[in-house]
Peer 1: 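Supplied in structure tokens, the structure appears directly below.
Source: prediction; values computed, not measured. Letters A, B, ... are given to chains in the order of the sequence lines, protein chains preceding strands, and every chain is numbered from 1. In what follows, every heavy atom counts, from backbone to side chain, and hydrogens, waters and symmetry copies are set aside.
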Number of protein chains: 2
Amino acid sequence: MQISPAMEDYLMAIYRSQTVAERVSTSQIARRLGVSAASTTAMFKRLAEEALVEYHEYTGASLTAKGEGLAASLVRRHRLAERFLTDVLGIGLDQVDPMADRMEHALPPEVIDRFDSILQEPHTCPHGQPIPDKDGVLPDLHYSPLASLAAGEEATIARLEEGDPELLRYLVEQGLVPGARIRVVEKHPVDDLITLDLGGTSLVVGQRVVAALDVGDVPAPRTPRL
Amino acid sequence: MQISPAMEDYLMAIYRSQTVAERVSTSQIARRLGVSAASTTAMFKRLAEEALVEYHEYTGASLTAKGEGLAASLVRRHRLAERFLTDVLGIGLDQVDPMADRMEHALPPEVIDRFDSILQEPHTCPHGQPIPDKDGVLPDLHYSPLASLAAGEEATIARLEEGDPELLRYLVEQGLVPGARIRVVEKHPVDDLITLDLGGTSLVVGQRVVAALDVGDVPAPRTPRL
DNA sequence: AGTGTATGTTAGTCTGGACTAAAATTATGC
DNA sequence: GCATAATTTTAGTCCAGACTAACATACACT
């Protein structure tokens, strides 16, 4: 059978929800995709028929090797599309995720390959999420959470969580994007907030909003070669 | 109501079939889209409900002003996508039409606008078909059919018919693409064939296969500005 | 261990877009 | 001008993918 766009959406959602071969629940995926739990159950069954997931009633599903390979290539496609949108077309970081959601199902493999080489084989999307390589292997990026930094420490922003579009728009507006250099001014353990200095301006954010990278390997956009 | 991808396909097909406000028949569109006549009838009705076409039973449909405007923007999107695929990604002329068919429904307006400016507002697709401008107005390109040339005359290829993928592949392989300079060696009126000289090699083609341009305005690919 | 709440699944429905087969209409050939 | 051919429309079906409402299971707490 053919893999439909809907099946691709579910596969990606499972891939992104599942940490090291854990089962993923119906409601988790339903929430992530904005879909009813009943629809998710139905799709879990279809995916199980295709041997893309292993599904056990009432206890969730996990990707098979086949499913994981496919999902990795779909995530790769999505993240390369995002990189292309920002780096080549100059579209804002806060706009590319929904655009890539729309576009990804329609991008032929040849186009993805061209994106990859034009962008010089990037290993992160513009938000800092890792891009699986052609064999589905994720680069390991050893980021530290912002919460792990002590007051006074400096770091380079490496990744933003993609969950909340509203929040993302705000962070981009404030300049808190991958590559930005920050310094921790103060930590507020009680309410889980943290005060940052960002090139002179000061900013208060949640400790889980961004991930910091404390080594020199900044995933900044490179100039595409054409 | 929303315009679905299927509706877009039908609108484009009608737009491309209809010469100056003529009615277009059910079977014409069915053939073009590879779909049954019954499906086309059903869609004509849906489009009529949206005031995108004027539909009269048994005698066909024609685009309304609203439908024509929308169709023009869809054709624009398709042809700009093709130009992008050839000029920026370096994909072969004979492969881009089906790719653009897949991609077009998923390309947001912002992306189309970026394509347009990166490509420096091209007025033809890579096959030489005109690209409507933002107001839906087609550039008039005054090409002469190949059949109109006499033996000995020279011309620049301006357009290829997109109908037959197999034929298109062959022509591209032979180098008979927009921008190529040719000379008519001999005309065979009986079997409707014509012998061309193409930079030293000789080639026999049908008289309606390509359109020739006898002025200097060659729609060659330009270097994209980035 | 039993019971209440969370979460999951089943059953039944809807919609868009395709199909085939049969009926209706228009076009064509003699 | 009428019979037949071609085209178009209708009627009925199917499938994917969503939904809601009702039922089933699992988990958590006393």
Side-chain angles (χ1 to χ4, degrees), chain A residues 1-15 17-19 22-63 67 70-71 74 98 101-102 104-106, chain B residues 1-15 17-18 22-63 67 70-71 74 98 101-106:
Chain A
M1 181 187 280
Q2 267 287 81
I3 309 297
S4 68
M7 289 166 81
E8 294 185 347
D9 286 336
Y10 281 92
L11 280 175
M12 286 182 62
I14 297 169
Y15 182 88
S17 295
Q18 134 178 323
T19 47
E22 290 301 317
R23 293 253 177 96
V24 91
S25 75
T26 304
S27 56
Q28 245 178 304
I29 299 306
R31 215 176 311 120
R32 181 156 226 157
L33 293 177
V35 121
S36 75
S39 302
T40 303
T41 299
M43 186 56 88
F44 276 5
K45 289 182 178 177
R46 284 192 65 195
L47 293 174
E49 266 171 37
E50 302 298 319
L52 295 166
V53 303
E54 206 168 317
Y55 169 56
H56 298 276
E57 295 198 340
Y58 292 101
T59 68
S62 59
L63 293 170
L70 179 50
L74 301 178
D101 280 341
R102 262 188 75 182
E104 59 189 4
H105 303 296
Chain B
M1 179 188 281
Q2 267 287 79
I3 308 297
S4 68
M7 288 167 81
E8 293 185 347
D9 287 336
Y10 281 93
L11 280 176
M12 285 182 62
I14 297 168
Y15 182 87
S17 296
Q18 131 179 323
E22 290 300 317
R23 295 251 177 97
V24 92
S25 76
T26 303
S27 55
Q28 245 179 306
I29 299 306
R31 216 176 310 122
R32 182 156 225 156
L33 293 178
V35 120
S36 74
S39 303
T40 303
T41 298
M43 187 55 89
F44 276 6
K45 288 181 178 176
R46 284 191 66 195
L47 295 174
E49 264 171 38
E50 301 299 320
L52 294 166
V53 304
E54 206 167 318
Y55 169 56
H56 298 278
E57 294 198 339
Y58 293 102
T59 67
S62 60
L63 293 169
L70 179 50
L74 301 177
D101 280 340
R102 261 188 76 182
M103 292 172 57
E104 59 190 4
H105 303 295

Peer 1: Can you find a side chain N or O atom of Ser25(B) that sits less than 4.0 Å from OP1 or OP2 on dT8(D)?
Peer 2: yes
Peer 1: Which residues satisfy the side chain to side chain donor-acceptor pair (under 3.5 Å) test with Thr41(B), sequence neighbours excluded?
Peer 2: none
Peer 1: Touch check for Thr40(B), heavy atoms < 4.0 angstrom, all strands: base, sugar-phosphate only, or nothing?
Peer 2: nothing
Peer 1: Glycosidic conformation of dA24(D), syn or anti, with 90° from 0 as the boundary?
Peer 2: anti
Peer 1: Considering Watson-Crick and G-U wobble pairs with both distances under 3.5 Å, what does dA6(C) pair with?
Peer 2: none
Peer 1: Between dT10(D), dT9(D), dG8(C), spot the one nearest the side chain of Thr26(B), thanks.
Peer 2: dT9(D)
Peer 1: Nearest whole Å is fine: how far is dT7(D) C1' from Arg23(B) CZ?
Peer 2: 16 Å
Peer 1: Within less than 4.0 Å of OP1 or OP2 of dT9(C), is there a side-chain N or O belonging to Lys45(A)?
Peer 2: no
Peer 1: Thr59(B): which residues meet the side chain to side chain donor-acceptor pair (under 3.5 Å) condition with it, sequence neighbours left out?
Peer 2: Arg23(B)
Peer 1: OP1, OP2 of dA6(D) versus side-chain N and O of Ser27(B): anything below 4.0 Å?
Peer 2: no
Peer 1: Nearest whole angstrom, please: distance from the C1' of dG16(C) to the CD of Glu50(B).
Peer 2: 13 Å
Peer 1: Given that Pro5(A) and Ala42(B) both sit by DNA chain D, which one's nearest nucleotide is further toward the 5' end?
Peer 2: Ala42(B)
Peer 1: Ser17(A): which residues meet the side chain to side chain contact (heavy atoms under 4.5 Å, CB included) condition with it, sequence neighbours left out?
Peer 2: Val24(A), Gln28(A), Ile29(A), Arg32(A)
Peer 1: From C-beta outward on Tyr55(B), which listed nucleotide comes closest to its side chain: dT7(D), dG8(C), dT9(D)?
Peer 2: dT9(D)
Peer 1: Find the distance Gln2(A):CD to dC15(D):P and express it as a whole number of Å.
Peer 2: 17 Å
Peer 1: Rounding to an integer number of Å, can you tell me how far His56(A) NE2 sits from dT9(C) P?
Peer 2: 12 Å
Peer 1: Just name whichever nucleotide pairs with dT28(C), Watson-Crick or G-U, keeping both distances under 3.5 Å, else none.
Peer 2: dA3(D)
Peer 1: Before giving the answer on side chain to side chain contact (heavy atoms under 4.5 Å, CB included), spell out for Asp9(B) and Glu104(B) the whole-Å C-alpha distance, their side-chain angles and the decisive distance to 0.1 Å.
Peer 2: CA-CA 10 Å; Asp9(B) 287 336; Glu104(B) 59 190 4; 3.9 Å; yes
Peer 1: Nearest whole angstrom, please: distance from the P of dC15(D) to the CD of Glu49(A).
Peer 2: 13 Å
Peer 1: Base contacts versus sugar-phosphate-only contacts with protein, heavy atoms under 4.0 Å: please encode nucleotides 18-29 of chain C as B, S and - from 5' to 3'.
Peer 2: SBB---BSS---
Peer 1: Which pairs pass ring-ring contact (aromatic ring centres under 6.0 Å, His included) with one or both residues in residues 34-55 of chain A, sequence neighbours excluded?
Peer 2: Phe44(A)-Tyr55(A)
Peer 1: What residues, two or more places apart in sequence or in another chain, satisfy side chain to side chain donor-acceptor pair (under 3.5 Å) together with Glu8(B)?
Peer 2: Arg77(B), His105(B)
Peer 1: Just the rounded figure in Å: distance from P of dT9(C) to CZ of Phe44(A).
Peer 2: 8 Å
Peer 1: Between CG of Leu52(A) and CD1 of Ile14(A), what distance do you get to the nearest 0.5 Å?
Peer 2: 9.0 Å
